[in-house]
2 protein chains.
Amino acid sequence: MEHDEEIGSGPAVSLLTGLDMSHIRLCPAIGFNRIVGGRYKLHILCVLHRGPLRFGEIGRSLVKGGLGNPVTPRILSRELKDMTRLGLLSRKEYPVVPKKVEYTLTPRGEALLPILSEIIRWGATGAHEDILATTNASAE
Amino acid sequence: MEHDEEIGSGPAVSLLTGLDMSHIRLCPAIGFNRIVGGRYKLHILCVLHRGPLRFGEIGRSLVKGGLGNPVTPRILSRELKDMTRLGLLSRKEYPVVPKKVEYTLTPRGEALLPILSEIIRWGATGAHEDILATTNASAE
DNA sequence: CTGCATCCTTTGGGATACTG
DNA sequence: CAGTATCCCAAAGGATGCAG
C-alpha cells in the first residue's frame, strides 16, 4: 500500500461516507467504543429510544433483551451514571415516597439512534445470532 | 408502563426501524457488543473496509487512528483470531520469505459496514470528541 | 425503589522476550 | 514479518448486604 492518508488520524474524505473528516482527530469507531463500550450501554440506549424509563425497568429490560442473568444494581447504576455524566442521558428524580427516578435520552444520546437503527437493521436478518452460533462464542 | 412487548426478547415490530423482529431472540445491540466489543475490533473493520491489510499495517493503522500507544502483537493477534473465527475476516497467508499475511473482510464482516458508516457519519460532526471532552473520560 | 459499600472473580489489555 | 509464551496489572463485572 502506497498511501493511506485516509485511514488514520488525519483522514481527508472517503471512508464509507464521503464526508470530510479532516477536522476529526480521533477515529469515530474508537470514540464510539469508549463512549458506549460498556456491556449494557448500547442496550440502554436501545430501550430508552421511545421514552423515559425507571431504574428498575431498565434493569428488567436488559434481562428480557437477551441477558440470562439480571444486571446487578451496582453495575446498572454505574452505567447510568457514566452515560449521564457524558450527557447521553438525563436523570429526573421525583420526590415521592417509593423513590422514583426516570432516565431519558438527551439530544446527545439521541444522536446515536441512527447507529442503533442500523444495528437493529443488521440484527433483523439474524446476522448476530448466526455469528454467535459459530462454534461457541456464546460463553458467558 | 403497561405493555412493553417490543423491548425485550420477543419484540414484534417497531423499535427504530419498523422491521419485524419477532423471530429474533437476542437484542441486536447486545449481540453487536459481544461480536465487536473488543477494544480494536470495530476499528479493524473500519480500516479493512476498502481492502486487505497485513498484520503490521493493521497495527499501525490503529496507532494513527487515535490510540496513543501501539497495540501489542498479542492483543492484535487475538482480536484478529477472534474475528476470523467468527467469520468476519479471512486470513490469507503467502508462502514467501518475509512472512506475509493478509486479512480481508468476509461478507459477514461487510454486513457490518453500514453500521460503521453510520458511526462515521455520527463522528463527522465531532460528536464523539465533544462527548469525550466532557470533564474527563479521556482516561486511558 | 434506587441506589451505595464492600469484597471478590473474571476478563481484557499491556510489557517483554522469543520463535518459525 | 507474524505471531507465541509468560507474567502482570487494571478494569469490568458480579454477589451480597445495607441505607435513604
Side-chain angles (χ1 to χ4, degrees), chain A residues 1 30 33-44 48 52-63 65-86 89-104 136-140, chain B residues 1 30 33-44 48 52-63 65-86 89-104 136-140:
Chain A
M1 173 181 303
I30 296 177
N33 245 329
R34 286 196 188 156
I35 292 167
V36 293
R39 181 124 102 222
Y40 306 116
K41 293 197 177 70
L42 214 50
H43 191 81
I44 290 173
L48 245 39
L53 279 183
R54 303 177 57 172
F55 185 87
E57 302 221 296
I58 295 174
R60 283 187 291 278
S61 295
L62 292 173
V63 179
L67 283 316
N69 35 350
V71 197
T72 65
R74 192 183 77 90
I75 304 301
L76 182 57
S77 175
R78 197 180 38 133
E79 299 281 77
L80 255 15
K81 200 177 296 179
D82 285 348
M83 296 172 75
T84 302
R85 180 178 51 86
L86 293 179
L89 304 182
S90 72
R91 195 191 102 113
K92 177 161 189 186
E93 187 172 346
Y94 296 85
V96 293
V97 270
K99 200 172 180 178
K100 174 178 174 180
V101 179
E102 272 187 351
Y103 291 89
T104 319
N136 62 334
S138 57
E140 185 203 15
Chain B
M1 172 183 305
I30 296 177
N33 244 326
R34 288 197 187 157
I35 292 168
V36 293
R39 198 185 227 130
Y40 306 115
K41 293 196 177 70
L42 215 49
H43 191 81
I44 290 173
L48 246 40
L53 279 184
R54 304 177 57 169
F55 185 88
E57 301 221 296
I58 296 174
R60 282 187 290 278
S61 295
L62 292 173
V63 178
L67 284 318
N69 36 350
V71 197
T72 65
R74 191 182 78 90
I75 304 300
L76 182 57
S77 175
R78 200 187 30 158
E79 298 281 78
L80 254 17
K81 200 176 296 180
D82 285 350
M83 295 171 77
T84 303
R85 179 177 52 84
L86 292 179
L89 305 182
S90 72
R91 194 191 103 113
K92 177 161 189 186
E93 187 170 347
Y94 296 85
V96 293
V97 270
K99 199 172 182 179
K100 175 178 175 180
V101 179
E102 273 187 351
Y103 291 89
T104 318
N136 62 336
S138 58
E140 184 201 16

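These numbers were taken from a predicted model, which means no experiment stands behind them. In what follows, chains are A, B, ... by sequence order, proteins preceding strands, each numbered from 1.
Distance CZ (A:Arg91) to C1' (C:dC4): 12 Å, rounded to an integer number of Å. Between the P atom of C:dT11 and the CG atom of B:Asn33 lies a distance of 16 Å, rounded to the nearest Å. Rounded to whole angstrom, the span from the CD1 atom of B:Ile75 across to the C1' atom of C:dG12 amounts to 7 Å. Protein atom CG of B:Asp82 is 8 Å distant from nucleotide atom P of C:dG12, rounded to whole Å. Counting to the nearest Å, the C1' atom of C:dC1 and the CD atom of A:Glu57 are 11 Å from each other. In this structure, A:Lys100 atom NZ and C:dG3 atom C1' are separated by 17 Å, rounded to whole Å. Rounded to an integer number of Å, the gap from NZ of A:Lys41 to C1' of D:dA12 is 9 Å. If you take CD of A:Glu79 and C1' of D:dA11, they are 12 Å apart, rounded to a whole angstrom.
Each of B:Val71, B:Ile75, B:Asn69 was scored for a side chain to side chain contact (heavy atoms under 4.5 Å, CB included) with B:Leu62, with one residue passing: B:Val71. When each of A:Ile35, A:Leu89, A:Leu48 is paired with A:Met83, the side chain to side chain contact (heavy atoms under 4.5 Å, CB included) condition holds for A:Leu89 and for no other.
Checking A:Ser77 against A:Lys99, the closest nucleotide of DNA chain C that is more toward the 5' end is the one next to A:Lys99. Judged by closest nucleotide on DNA chain C, A:Arg60 is the one of A:Arg78 and A:Arg60 placed further toward the 5' end.
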Worked check of side chain to side chain contact (heavy atoms under 4.5 Å, CB included) between A:Lys81 and A:Arg91: CA-CA 9 Å; A:Lys81 200 177 296 179; A:Arg91 195 191 102 113; over 6 Å; no
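Contact check on B:Glu79 versus B:Lys41 returns a salt bridge, with a Lys/Arg side-chain nitrogen under 4.0 Å from an Asp/Glu carboxylate oxygen.
For C:dG3, one of the phosphate oxygens OP1 or OP2 lies less than 4.0 angstrom from a side-chain nitrogen or oxygen of A:Tyr103. Neither OP1 nor OP2 of D:dG3 sits under 4.0 Å from any side-chain N or O of B:Lys81. Remark: B:Tyr40 is in phosphate contact with C:dG14, judged by side-chain N or O atoms under 4.0 Å from OP1 or OP2.
Distance check: A:Ile30 CD1 to B:Leu42 CG gives 9.5 Å after rounding to the nearest 0.5 Å.
The side chain of B:Pro73 sits closest to D:dG3 out of D:dG14, C:dG3, D:dG3.
Nucleic acid contact class of A:Tyr94 (heavy atoms, under 4.0 Å, all strands): none.
A donor N or O paired with an acceptor N or O is found under 3.5 Å between the base of D:dG14 and the side-chain atoms of A:Arg74.
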